[in-house]
Amino acid sequence: MIVKYCGHSCILAENDGNSVIIDPFLKGNPASALSPEDVTVNAVIVTHGHMDHVGDSVEIAKRNNCPIVAIDELCKHFVRYDASLSVHRLGVGGSFQFPWGKVKLVPAFHGIGCELFGAELAYAMPVGVLLTMGGKTLYHAGDTAVFGDMKLIGELNPIDLAALPIGGNYTMDAADSIAAAKMIGAKKYMPIHYSTFGIIKQDDAAWLEALNADGLDGVILKIGETLEL
Ligand code: NI
Ligand code: MN
């Protein structure tokens, strides 16, 4: 699996000619160079209903004629907004094997509002995502606080790369993300959800140094950079 960091919490994963995008916040993202019209994917995965994660999901799903994969209630919100959208509804803890890979939703602790389209406020539990393609597993933690069951997530699912929010304010900060990493037991970690806006500014080099000091392996992907797992 090749993982490309597209800024904020957006990750594009590719394997064997198939691609999926997670949390495609592109157009409104001051730090993204990628345009929704340049995204070719088999599916769009969305961790929760906040605009900096839903982003350009609708446009990308329609252009690619592909499903949005998310928790049931968020899928319903998408379909209410646009009945022509194709969705795959998962429950937290549930998984599905698609032709291009496997998606499993895991808990995340964060806001439940889905205020995405200026439509009536809806609610859906936020989640993290385990994406397995080509025998490698990416854990995208979504927006979350650190929590003890991250240990269980790591024990039940061998993880090659864990993408953890480090920005603070809305999610766990750099120090808490290292506490999370110690529990998860992934082979490697990368920081997401930081420095897009001033309020979530973080020093990623300091984060990596602290991670390494705990004997853990990390990588900082610049926006547009890729990593092969
Ligand atoms: Ni959020
Ligand atoms: Mn967010």
Side-chain angles (χ1 to χ4, degrees), residues 3-13 20-34 36 39 44-60 68-78 81 90 92 103 105-131 138-147 149-150 153 161-177 180-181 184 189-204 207 220-221 223:
V3 167
K4 183 177 193 177
Y5 183 48
C6 302
H8 201 56
S9 282
C10 181
I11 288 181
L12 186 68
V20 297
I21 195 162
I22 304 175
D23 288 357
F25 173 48
L26 304 176
K27 254 195 239 158
N29 179 354
S32 173
L34 189 64
V39 175
V44 180
I45 303 171
V46 185
T47 60
H48 65 287
H50 291 158
M51 273 313 293
D52 58 319
H53 299 261
V54 168
D56 305 292
S57 299
V58 170
E59 181 179 339
I60 293 168
I68 293 174
V69 180
I71 197 161
D72 179 61
E73 291 78 9
L74 181 53
C75 286
K76 284 178 179 150
H77 194 48
F78 274 116
Y81 173 73
L90 286 167
V92 65
V103 178
L105 302 188
V106 294
F109 284 85
H110 188 60
I112 60 171
C114 310
E115 51 228 343
L116 35 172
F117 310 111
E120 197 180 332
L121 189 65
Y123 300 99
M125 182 179 165
V127 295
V129 170
L130 291 162
L131 171 67
L138 165 73
Y139 171 37
H140 184 300
D143 279 5
T144 187
V146 60
F147 56 95
D149 280 351
M150 284 177 162
I153 292 170
L161 177 67
L164 304 178
I166 70 162
N169 195 75
Y170 306 108
T171 67
M172 57 187 174
D173 60 14
D176 281 3
S177 79
I184 294 163
Y189 300 87
M190 69 175 276
I192 57 172
H193 210 274
Y194 71 102
S195 297
T196 317
F197 315 107
I199 199 168
I200 56 171
K201 194 157 175 51
Q202 286 288 343
D203 180 347
D204 51 11
W207 171 84
I220 295 166
L221 294 183
I223 293 166

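Just so you know, ligand 1 is whichever comes first in the structure, and atom 1 is the first atom listed for that ligand.
- Contact annotation: His53 places no N, O or S atom under 2.8 Å from the Ni ion (ligand 1).
- Distances from the Mn ion (ligand 2) to each N, O or S atom of Asp143 single out OD2 as the nearest.
- Within the 4.5 Å cutoff, the side chain of Ile220 has heavy atoms near those of the Pro191 side chain.
- Leu221 approaches Tyr5 most closely through the heavy-atom pair O-CD2, 3.1 Å.
- Between Phe197 and Phe25, the angle of the ring planes lies from 30° to 60°, which puts this pair in the tilted group.
- When side chains are defined from C-beta on, Ser32 does not count as touching His8, because their heavy atoms never get closer than 4.5 Å.
- One of the N, O or S atoms belonging to Asp143 lies under 2.8 Å away from the Ni ion (ligand 1).
- Asp52 contributes atom OD2 as its closest N/O/S atom to the Mn ion (ligand 2).
- Considering CD1 of Ile11 and SG of Cys6, their distance stands at 8.0 Å, rounded to 0.5 Å.
- Judged by distance alone, the side chains of Asp143 and Tyr170 never bring a donor and an acceptor atom under 3.5 Å apart.
- Taking the Ni ion (ligand 1) as the corner point, the angle from His110 atom NE2 to His50 atom ND1 is about 90° (rounded to 10 degrees).
- Its N, O or S atom nearest to the Mn ion (ligand 2) is what matters here, and for His53 that atom is NE2.
- Taking 2.8 Å as the criterion, His193 counts as a coordinating residue of the Mn ion (ligand 2), since one of its N, O or S atoms falls below it.
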